[in-house]
Amino acid sequence: MTDAILAPDLVIMFRAISARMTEDRDYLSELDGQIGDADHGTSMAQGFAAVVRALHDADLADVPLSDVFSIAARSFLNAVGGASGPLYASALMSAAAFAGDARSLAPTQTLQLIEAMSAGIAKRGKAALGDKTMMDAWSPAAHAIRTGLESDLAPEAVLARAAAAARSGAEATRAMIASRGRAARLGERSLGHLDPGATSAATIIEVIAAALCATGKMGQGPGSS
Ligand code: ADP
Ligand code: MG
């Protein structure tokens, strides 16, 4: 059965992201320690913990989904000092703009939220594919969603492709020289290291995919309705 994604589904999704960022905190900070300032795990864990707290405290009964994302954006930005603060705030504001007044989203629209998040980060950070940033995970995921939707793939299959594309994009940052953000100061010395922001982005996209599929609302395949 295919159903609509509602505010409580989004809250569950943010909780899942927060739990995973807390689990991965030390690993992500270690990655950042190799080419940055070793705070990426702390930033992501604190940022999403703040999102979960703010959503818990908010009255989400019958609010437009844009409110859920705006609350998330504001709380993430307030909690995070580093580059990922404004970048994820932009992703979430872009999701808010996409969701607009809707109280629910159809599965295909939910996929487009991921595209909107990617576009928000791109607009704010101006990083291109290959710059060794979180865009190296977000952009392939967005591309997989666009092509999956164009080919009329089932939403679950599109999510699986997006998550896989994000992870291979993140892995590919090992072979890249950073040209944006703090790691760009290292030049060639950034080679051989995973980009922490791309790594956390791939994990976030995997968790979003898993959380959306776990709602049972994304449809099993062509013919499901
Ligand atoms: P900071 O570098 O300020 O300590 P974080 O450690 O939280 O910030 O995040 C670092 C990550 O931010 C990098 O690994 C990279 O993926 C991402 N990043 C940095 N600059 C940009 C940018 N202009 N566009 C997209 N992502 C960026
Ligand atoms: Mg850092």
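Start at 1 and go down the list; that is how both ligands and their atoms are numbered.
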Which atoms of ligand 1 sit under 4.0 Å from any heavy atom of [X]?
{"X": "Arg180", "answer": "23 (N)"}
{"X": "Ser84", "answer": "5 (P), 7 (O), 8 (O), 9 (O)"}
{"X": "Gly125", "answer": "22 (C), 23 (N), 24 (N)"}
{"X": "Asp32", "answer": "6 (O)"}

Note to self: For Leu87, which part has a heavy atom under 4.0 Å from ligand 1: side chain, backbone, both, or neither?
What the structure shows: side chain
Ligand 1 N/O within reach of [X] N/O, cut-off under 3.5 Å:
{"X": "Gly82", "answer": "no"}
{"X": "Ala127", "answer": "no"}
{"X": "Gly197", "answer": "yes"}
{"X": "Lys132", "answer": "no"}
{"X": "Lys126", "answer": "no"}

Have a look at [X] and say which of its N, O or S atoms is nearest the Mg ion (ligand 2).
{"X": "Asp32", "value": "OD2"}
{"X": "Asp37", "value": "OD1"}
{"X": "Asp39", "value": "OD1"}

[atom]: the protein heavy-atom neighbour that sits closest, reported with distance to 0.1 Å:
{"atom": "atom 20 (N) of ligand 1", "value": "Gly181 CA, 3.5 Å"}
{"atom": "atom 16 (O) of ligand 1", "value": "Asp195 OD2, 2.5 Å"}
{"atom": "atom 3 (O) of ligand 1", "value": "Ala83 N, 2.8 Å"}
{"atom": "atom 10 (C) of ligand 1", "value": "His40 ND1, 3.9 Å"}

Item checked: Connected via hydrophobic side-chain network under 4.5 Å: Leu10 and Leu77 -> no
Item checked: Single-linkage hydrophobic cluster Leu60~Phe69, side-chain heavy atoms < 4.5 angstrom -> yes
Notebook entry, point to check: Between Asp57 and Arg53, does at least one N-O distance fall below 4.0 Å, as a salt bridge requires?
Noted result: no
Notebook entry, point to check: Hey, is Asp195 close enough to Lys132 for a salt bridge, meaning N to O under 4.0 Å?
Noted result: no
Note to self: Could you work out, for atom 1 (P) of ligand 1, the closest of Arg182, Met134, Arg124, Met135 by heavy-atom distance?
What the structure shows: Arg182
Checklist line | Of the listed options Val80, Thr133, Asp131, Leu28, closest to atom 25 (C) of ligand 1 (non-hydrogen atoms) | finding: Thr133
Is a donor on one side and an acceptor on the other found under 3.5 Å between the side chain of [X] and the backbone of [Y]?
{"X": "Arg20", "Y": "Thr203", "result": "no"}
{"X": "Thr133", "Y": "Met135", "result": "yes"}
{"X": "Ser94", "Y": "Ala116", "result": "yes"}

Next item on the list: Check whether more than 12 heavy atoms from other residues, nucleotides or ligands sit under 6.0 Å from atom CZ of Arg124, and answer yes or no.
Entry: no
Item checked: Neighbour count >12 (heavy atoms, 6.0 Å) for atom CZ, Arg146 -> yes
Next item on the list: Taking the side chain as every heavy atom from C-beta outward, state whether Ile35 and Pro196 have any atom pair closer than 4.5 Å.
Entry: yes
Margin query: Ignoring hydrogens and geometry beyond distance, is a side-chain donor-acceptor pair present between Ser179 and Asp131 at under 3.5 Å?
Written below: yes
Note to self: Tell me whether ligand 1 is touched by Gly36 - counting only heavy atoms on the residue side and a distance under 4.0 Å.
What the structure shows: no
Checklist line | Whether Phe14 and Phe48 hold their rings parallel, tilted or perpendicular, with breakpoints at 30° and 60° | finding: parallel
